[in-house]
Amino acid sequence: MARDTTALSRRDVLKASGAAGAAGLTGLAGCAGIGGGGSSEYPALGNYPVEGDEVVFGFNVPQSGSYSQEGADELRGYNLAKEHLNNGGGWVDDWDGLTGDGVLGKTVASVEGDTATDPDTARQSATRMINRDNAIMITGGSSSGVAIAVQELCQEEKVQFQCCITHSNDTTGGSCVRYSFREMFNAYMTGQALAPVLAEEYGEGLNFYQLYADYSWGQTQQASMEQFFTEVGNWSQIESVPTPLGTSDYSSYLSDVPRDETDVLVLNHYGLDAANSLPQAIEAGLDQDMEIVVPLYNRLMAEAASDSIGGIFGTADWNWQLEDDASQSFVEFYREEHNRAPSYGARIAYTQTLQYAAAVERAETFYAPEVIRELEGHEYSGAGLGNETMRGCDHQAQRDVLVMQGADPSEQTEDLLLNIVSQTPRDDLGYACDAGPAAECELGDYGDE
């Protein structure tokens with residue numbers, strides 16, 4: 001993995017200033033050591049400096065609620081990352097800057113929290129991790145509402161947040177913050193990747209009807225579907241209807257879908273919600289009159305709705321069937337530990353943890369402003385999706401996106417539920433820093449200005 005060397009870091013400036021005898025720079029406290037121990041060349045900020053032989057990461061995931069099964073697989077990914085950071089193995093052995101001997105020589109410890117898929121609960125859990133457990137980094141997600149709430153807290157507390165599953169445009173758009181980074185793609189990219197495939201499959205000039213989960217993710221998801229289905233396929237939206245997060249009975253919403261006008265029904269639901277809405281749409285016979293699309297797949301939904309997903313198009317962050325060396329390596333060591341193929345939630349959790357650790361090693365300190373600068377504009381590969389860039393202007397990874405299709409029930413196995421239709425290259429996706437969701441992003445301060 002190559003380091004971005006285009007920007008002169010504050011660490012470089014500080015070291016140069018120190019060499020010139022300017023140790024009295026405003027705000028500096030002490031100057032003896034590097035790395036975040038008891039003494040430091042940087043001032044105290046957030047939970048920096050890190051005291052003792054351990055550094056604590058906070059794994060804040062849904063262990064209850066609609067997305068709890070996603071949270072369980074995220075935890076498996078996080079704990080594998082912790083194990084490999086401390087003892088070697090997995091991607092750590094091939095990841096530039098990581099040694100398998102902790103991070104900056106400190107053993108990685110962790111605390112776990114239950115967000116309950118609720119933003120207020122998630123903030124309370126993250127607050128405990130920061131104030132009680134001295135976590136230097138928080139990571140988690142599975143709900144964009146949760147991720148946005150926690151990243152706002154982390155910006156306030158000057159503690160870094162590494163997003164896990166969060167697909168709302170707002171996470172790195174209007175709600176972006178300096179202290180948060182996202183590896184996962186977003187709803188805007190789903191629209192860019194999915195619309196051409198659907199237009200090719202179903203034709204142009206069709207009418208579509210949307211149901212969407214009524215919170216940040218569902219709202220930006222339906223807006224992106226409307227934009228790209230209209231622009232790419234010349235489709236026309238009949239109506240877009242919000243549904244509460246956690247709905248179990250969608251019959252009243254589905255009965256309002258005009259069968260004689262609708263060519264494509266778009267179900268912008270995720271996790272257990274999608275596992276309810278799709279089978280209920282099939283049971284109501286809507287698939288006899290129109291095509292059905294679930295723009296964002298996950299394994300929980302695919303497992304729970306397995307008899308209903310055959311032929312249904314959507315997108316996914318990553319899939320165990322990818323044949324590149326990094327993906328197959330991840331599948332192998334995850335399967336050895338858990339006797340099944342990993343979900344994409346596990347991959348994001350694992351990757352985001354290693355990304356943070358490697359940035360700390362490059363910065364040679366846990367001091368958050370320097371770690372952030374190491375991640376901004378960082379180019380990397382070896383995470384299963386080819387060459388990626390963690391863009392500096394909005395902290396959104398620029399990467400490939402997979403278009404998926406549900407496997408026929410007769411072909412399905414425990415691991416094989418979805419098939420990869422295409423891997424859309426990052427050069428065909430994304431948007432400029434002054435366009436799309438990024439145009440609304442104002443990252444805020446580093447904390448050392």
Side-chain angles (χ1 to χ4, degrees), residues 1 35-36 47 50 52-63 68-115 125 129 133-142 160-165 181 183-184 299 317-318 320 322 324-362 366 371 375 380-385 415:
M1 298 189 180
N47 278 331
V50 177
D53 298 329
E54 292 187 343
V55 61
V56 177
F57 293 174
F59 302 150
N60 202 25
V61 304
Q63 300 182 54
S68 58
Q69 291 193 27
E70 292 291 280
D73 220 28
E74 288 174 356
L75 276 181
R76 296 184 189 103
Y78 286 132
N79 286 315
L80 269 177
K82 182 177 71 172
E83 167 68 21
H84 293 163
L85 285 172
N86 287 331
N87 301 303
W91 287 356
V92 167
D93 292 345
D94 299 316
W95 201 290
D96 287 352
L98 299 180
T99 64
D101 187 26
V103 180
L104 291 183
K106 294 182 183 291
T107 301
V108 177
S110 64
V111 292
E112 298 177 2
D114 181 8
T115 69
S125 177
M129 292 176 174
D133 304 313
N134 297 318
I136 194 71
M137 183 273 285
I138 308 293
T139 180
S142 289
Q160 195 155 330
F161 182 67
Q162 297 286 100
C163 295
C164 194
I165 298 176
F181 291 86
E183 160 78 15
M184 189 178 184
R299 186 160 72 187
D317 174 81
W318 172 86
W320 63 272
L322 287 170
D324 63 283
D325 291 344
S327 292
Q328 286 308 302
S329 169
F330 185 61
V331 172
E332 182 178 350
F333 62 71
Y334 183 95
R335 198 188 292 277
E336 287 177 357
E337 191 75 18
H338 299 292
N339 198 31
R340 67 178 302 176
S343 70
Y344 66 69
R347 185 205 75 93
I348 305 172
Y350 186 85
T351 302
Q352 285 288 71
T353 307
L354 265 56
Q355 286 285 9
Y356 172 77
V360 170
E361 294 282 4
R362 293 195 301 273
F366 288 102
V371 178
L375 284 168
Y380 57 101
S381 61
L385 292 166
D415 293 335

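Residue numbers start at 1 and run along the sequence shown. What you see is a predicted model; the values in this text were computed from it and never measured.
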S.K.: Is it true that a side-chain atom of N339 and a backbone atom of R335 form a donor plus acceptor pair closer than 3.5 Å?
M.R.: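 Judged by distance alone, no pair lies under 3.5 Å.
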S.K.: Do Y356 and F161 make a side-chain contact, defined as non-hydrogen atoms from C-beta onward lying under 4.5 Å apart?
M.R.: no
S.K.: Restricting to non-hydrogen atoms, name the atom on D114 and the atom on S125 that form the minimum distance, rounded to 0.1 Å.
M.R.: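 It is N-OG, 3.9 Å.
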S.K.: I want to check something: taking the side chain as every heavy atom from C-beta on, are Y78 and V61 in contact at a cut-off of under 4.5 Å?
M.R.: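 Sidechains of V61 and Y78: in contact.
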S.K.: Under the rule for side-chain hydrogen bond (donor to acceptor under 3.5 Å, both in side chains), what residues qualify as partners of E74, not counting sequence neighbours?
M.R.: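 Listed in chain order: S142.
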S.K.: Identify, with sequence neighbours excluded, every residue that meets side-chain hydrogen bond (donor to acceptor under 3.5 Å, both in side chains) alongside D53.
M.R.: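 For D53 there are no side-chain hydrogen bond (donor to acceptor under 3.5 Å, both in side chains) partners, ignoring immediate neighbours.
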S.K.: Closest heavy-atom contact between G141 and P62?
M.R.: O-CD, 3.1 Å
S.K.: Measuring from D101:CG to K106:NZ, what's the distance to the nearest 0.5 Å?
M.R.: 12.0 Å
S.K.: Compare all side-chain heavy atoms of Y380 with those of L354 and state whether any distance is below 4.5 angstrom.
M.R.: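 Side-chain contact under 4.5 Å: no.
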S.K.: Are F59 and C164 close enough that some pair of their side-chain heavy atoms sits under 4.5 Å apart?
M.R.: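 No, every pair of side-chain atoms sits at 4.5 Å or beyond.
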S.K.: May I ask you to test the R299-Q69 pair for a side-chain heavy-atom distance under 4.5 Å?
M.R.: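 A side-chain contact is absent here, since even the closest heavy-atom pair is not under 4.5 Å.
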S.K.: What is the minimum heavy-atom distance between I348 and C163, and which atoms define it?
M.R.: CG2-O, 4.0 Å
S.K.: Measuring from D96:CG to R362:CZ, what's the distance to the nearest 0.5 Å?
M.R.: 9.0 Å
S.K.: Begin with the C-alpha distance, continue with both residues' side-chain angles, and end with the deciding distance and a verdict on side-chain contact (heavy atoms from CB on, under 4.5 Å) for L75 and Q63.
M.R.: CA-CA 9 Å; L75 276 181; Q63 300 182 54; 4.1 Å; yes
S.K.: Apply side-chain contact (heavy atoms from CB on, under 4.5 Å) to residues W95 and T351 and explain how you reach the verdict.
M.R.: CA-CA 11 Å; W95 201 290; T351 302; 4.3 Å; yes
S.K.: Checking N86 now: which residues fulfil side-chain hydrogen bond (donor to acceptor under 3.5 Å, both in side chains) with it, not counting sequence neighbours?
M.R.: none
S.K.: Counting only N and O atoms by type, is there a donor-acceptor contact under 3.5 Å from the side chain of Q328 to the main-chain atoms of L322?
M.R.: yes
S.K.: Do side-chain atoms of R347 reach the backbone of A383 as a donor and acceptor pair under 3.5 angstrom?
M.R.: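 Checking the backbone N and O of A383 against the side chain of R347, a donor-acceptor pair under 3.5 Å is found.
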S.K.: Under the side-chain contact (heavy atoms from CB on, under 4.5 Å) rule, what do N134 and V56 come out as? Steps first, then yes or no, please.
M.R.: CA-CA 7 Å; N134 297 318; V56 177; 5.7 Å; no
S.K.: From S343 OG over to I165 CD1, what is the distance, rounded to the nearest 0.5 angstrom?
M.R.: 6.0 Å
S.K.: Using a 4.5 Å cut-off on heavy atoms from C-beta on, say whether the side chain of E54 contacts that of V108.
M.R.: no
S.K.: Report yes if some heavy atom in the side chain of Y334 is under 4.5 Å from a heavy atom in the side chain of L80; otherwise report no.
M.R.: yes
S.K.: Would you confirm whether D133, through its side chain, and A135, through its main-chain N or O, come within 3.5 Å as a donor-acceptor pair?
M.R.: no
S.K.: Sorted by first residue and then second, give each salt bridge (Lys or Arg N to Asp or Glu O under 4.0 Å) pair with at least one member in residues 75-90; sequence neighbours left out.
M.R.: D73-R76
S.K.: What's the separation between atom CD in E70 and atom OH in Y344, rounded to the nearest 0.5 Å?
M.R.: 6.0 Å
S.K.: Under 3.5 Å, side chain of S329 to main-chain N/O of D325, donor-acceptor pair present?
M.R.: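 Checking the backbone N and O of D325 against the side chain of S329, no donor-acceptor pair under 3.5 Å is found.
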S.K.: Taking only residues two or more places apart in sequence, or in another chain, which ones meet Q162 in a side-chain hydrogen bond (donor to acceptor under 3.5 Å, both in side chains)?
M.R.: Q160
S.K.: So, for V103 and V360, which heavy atoms are closest and what is the spacing to 0.1 Å?
M.R.: CG1-CG1, 3.6 Å
S.K.: Measuring from atom CE of M129 to atom CD of E112, what distance do you get when rounded to the nearest 0.5 angstrom?
M.R.: 8.0 Å
S.K.: Is the closest side-chain heavy-atom distance between R340 and W320 below 4.5 Å?
M.R.: no
S.K.: Please determine whether the number of non-hydrogen atoms from other residues, nucleotides or ligands lying under 6.0 Å from atom CG of D415 exceeds 12.
M.R.: yes
S.K.: Just to verify, what does Y350 make a ring-ring contact (aromatic ring centres under 6.0 Å, His included) with, not counting sequence neighbours?
M.R.: H84, W91, F330, F333
